[in-house]
Amino acid sequence: MIVVTGATGQLGRLVVEGLLKKVPAAEVVAAVRDPEKAAEFAARGVQVRRADYDAPASLAAAFAGADKVLLISSSTPGGRLAQHEAVVTAAREAGVGHLAYTSVLFADTTKLSLAPDHKATEEIIRASGLPFTFLRNGWYTENYAQTIGQALAVGSFAGAAGEGKLGAVPRTDFAEAAVEVLTGEGHEGKAYELAGDEPFSYADLAAAVTAASGKEVTYQDLPVGQYRKVLVGAGLPEPVAAMLADADRGIADGELASTSGDLSRLIGRPTTPLAEAVTALVKN
């Protein structure tokens, strides 16, 4: 039995869909905070169980009989680490045979401001004694959907990544990697650095948007501090603006690209090209 936490989230849904192509629906558990939101999965034979990261008892019930669990990281500011620890504890007590965790690229060495919780979670998982796999996901191209929409409206977008490159690909690529780890063999004890085969700069992104839309879009590079102020001025909360500006700093420093080839090897194909990913975003 394979349990996917956060199964109604953007990544979780894709993982469940991928699992349904490989294993019987009855062997898949969609572990969700609100079971009503997973009604479509239940109608297809998927087991739906309540699993609230803040309610340990629900986690114990959700993991009962599980062979493998995918812990999709929480997005709760400030409370993520405690939630993750609760999941790990419940998985250990349930006798789960393999725990996979969606971490962040280079979790143990990166300077990204969002990384400490991921690094600490990995340490908790290692200390638990559970067989594990760390899926260290890079950036999703969907992260730039709003940026692309605004760029098409005004003809440009700003950032602070300089000429740095990132290996962003669509969520579907990362979901396929998770499905392979959950259904395949030999992944225990591995930390996979997952990113696109062909890293791109923000200037490359602007060119791809131009090609896909037929409207010229340019990239305006700003100092990190100035970019953060621009984001705050646009209405983003200060913590969110700081995180996004720091992510661009990380891109400039090469922290969101990888030459490992782990992602393409796991999914058995080249990662989705930038042009294809951007065309999908432009059409949406």
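Nearest heavy-atom pair across Pro199 and Gly196 is CD-O, 4.3 Å. The minimum heavy-atom distance between Ser113 and Asp246, with the atom names listed, is N-OD2, 2.7 Å. The minimum heavy-atom distance linking Ala178 with Val15 is given by the pair CB-CG2, 4.0 Å. Nearest heavy atom pair, residue Asp248 against residue Ala160, reads OD2-N, 2.8 Å. Considering every non-hydrogen atom in both Phe174 and Gly138, the closest pair reads CE2-N, 3.5 Å. The two residues Val88 and Leu130 make their nearest non-hydrogen contact at O-CD1, 3.9 Å.
Between the side chain of Lys190 and the backbone N or O of Gly186, at least one donor-acceptor pair lies under 3.5 Å. Under a 3.5 Å cut-off, the side chain of Lys119 and the backbone N or O of Ala107 do not form any donor-acceptor pair. Under the 3.5 Å distance criterion, the side-chain polar atoms of Asp221 are matched with a main-chain donor or acceptor of Gly162. The backbone N or O of His84 sits nowhere less than 3.5 Å from a side-chain atom of Thr121 that would complete a donor-acceptor pair. No side-chain donor-acceptor contact under 3.5 Å links Arg228 to the backbone of Glu238. Looking at Arg49, its side chain does come within 3.5 Å of a backbone N or O of Ala62 through a donor-acceptor pair. In this structure a side-chain-to-backbone donor-acceptor pair under 3.5 Å is missing from Glu142 to Pro170. When atom types are taken as modelled, the side chain of Asp52 and the backbone of Arg33 share no donor-acceptor pair closer than 3.5 angstrom. A distance-only check finds a donor-acceptor pair linking the side chain of Thr5 to the backbone of Ile72 [under 3.5 Å]. A donor-acceptor pair under 3.5 Å is absent between the side-chain atoms of Glu255 and the main chain of Thr110, judged by distance alone.
Transitive grouping of hydrophobic side chains (ILVMFWY, heavy atoms separated by less than 4.5 Å) keeps Leu71 and Leu114 in distinct clusters. If you chain together hydrophobic residues whose side chains sit under 4.5 Å apart, Leu14 and Leu70 never meet in one group. In the hydrophobic clustering of this structure, Val232 does not group with Val224; members are Ile, Leu, Val, Met, Phe, Trp, Tyr whose side-chain heavy atoms approach within less than 4.5 Å, directly or through other members. In the hydrophobic clustering of this structure, Val282 groups with Trp139; members are Ile, Leu, Val, Met, Phe, Trp, Tyr whose side-chain heavy atoms approach within less than 4.5 Å, directly or through other members. Tyr219 and Leu205 end up in the same hydrophobic cluster when Ile, Leu, Val, Met, Phe, Trp and Tyr side chains are linked at under 4.5 Å.
Other residues, nucleotides and ligands contribute more than 12 heavy atoms inside 6.0 Å of the CD atom of Glu40. No more than 12 heavy atoms of other residues, nucleotides or ligands lie within 6.0 Å of NZ in Lys111, so this atom counts as exposed by the packing criterion. Atom CD of Glu17 has more than 12 heavy atoms from other residues, nucleotides or ligands within 6.0 Å. For Gln146, the CD atom is loosely surrounded, since the number of other residues' heavy atoms within 6.0 Å does not exceed 12. Other residues, nucleotides and ligands contribute at most 12 non-hydrogen atoms within 6.0 Å of the CD atom of Glu216.
Between Val240 and Leu231, every side-chain heavy-atom pair lies at or beyond the 4.5 Å cut-off. Side-chain contact between Glu180 and Tyr192 is absent, with no heavy atoms from C-beta onward closer than 4.5 Å. Here the side chains of Thr133 and His98 are in contact, with some heavy-atom distance below 4.5 Å. Leu112 has its side chain out of reach of Leu105: every pair of non-hydrogen atoms, C-beta onward, lies at least 4.5 Å apart. Side chains of Thr141 and Thr272 form no contact here, defined as non-hydrogen atoms less than 4.5 Å apart.
No side-chain donor-acceptor contact under 3.5 Å links Gln220 and Ser156. Neither side chain, Tyr53 nor Ser58, offers a donor N or O lying under 3.5 Å from an acceptor on the other. Judged purely by distance below 3.5 Å, without hydrogens or angles, the side chains of Ser74 and Gln83 pair a donor atom with an acceptor atom. No hydrogens or angles considered: nothing links the side chains of Ser73 and His118 as a donor-acceptor pair under 3.5 Å.
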| message | Between Ser201 and Glu163, does the side chain to side chain donor-acceptor pair (under 3.5 Å) criterion hold? Intermediate values first, please. | response | CA-CA 6 Å; Ser201 67; Glu163 297 179 359; over 6 Å; no

| request: Start with the C-alpha distance between Asp117 and Arg80, add both sets of side-chain angles, then the distance that settles salt bridge (Lys or Arg N to Asp or Glu O under 4.0 Å), and finish with yes or no. | output: CA-CA 7 Å; Asp117 281 352; Arg80 175 159 51 190; 3.6 Å; yes

| Criterion side chain to side chain donor-acceptor pair (under 3.5 Å) on Ser264 and Asp197, from CA distance to verdict | CA-CA 7 Å; Ser264 56; Asp197 295 333; 3.2 Å; yes

| Should Asp173 and Arg171 be marked as a salt bridge (Lys or Arg N to Asp or Glu O under 4.0 Å) after you check the CA-CA gap, both sets of side-chain angles, and the distance that decides it? | CA-CA 5 Å; Asp173 287 20; Arg171 281 191 184 88; over 6 Å; no

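The aromatic rings of Tyr101 and Phe134 stand perpendicular to each other, their planes meeting at an angle above 60°, with 30° marking the opposite boundary. Taking the six-membered ring where tryptophan is involved, the planes of Phe157 and Tyr202 are perpendicular, since the angle between them exceeds 60° and thus also 30°.
Using a 4.0 Å cut-off between charged side-chain N and carboxylate O, Asp108 and Arg136 make a salt bridge.
Residue Leu19 forms a side chain to side chain contact (heavy atoms under 4.5 Å, CB included) with just one option from Val46, Val29, Val28, and that option is Val28.
The OG1 atom of Thr271 lies 12.0 Å from the CZ atom of Arg265; values are rounded to the nearest 0.5 Å.
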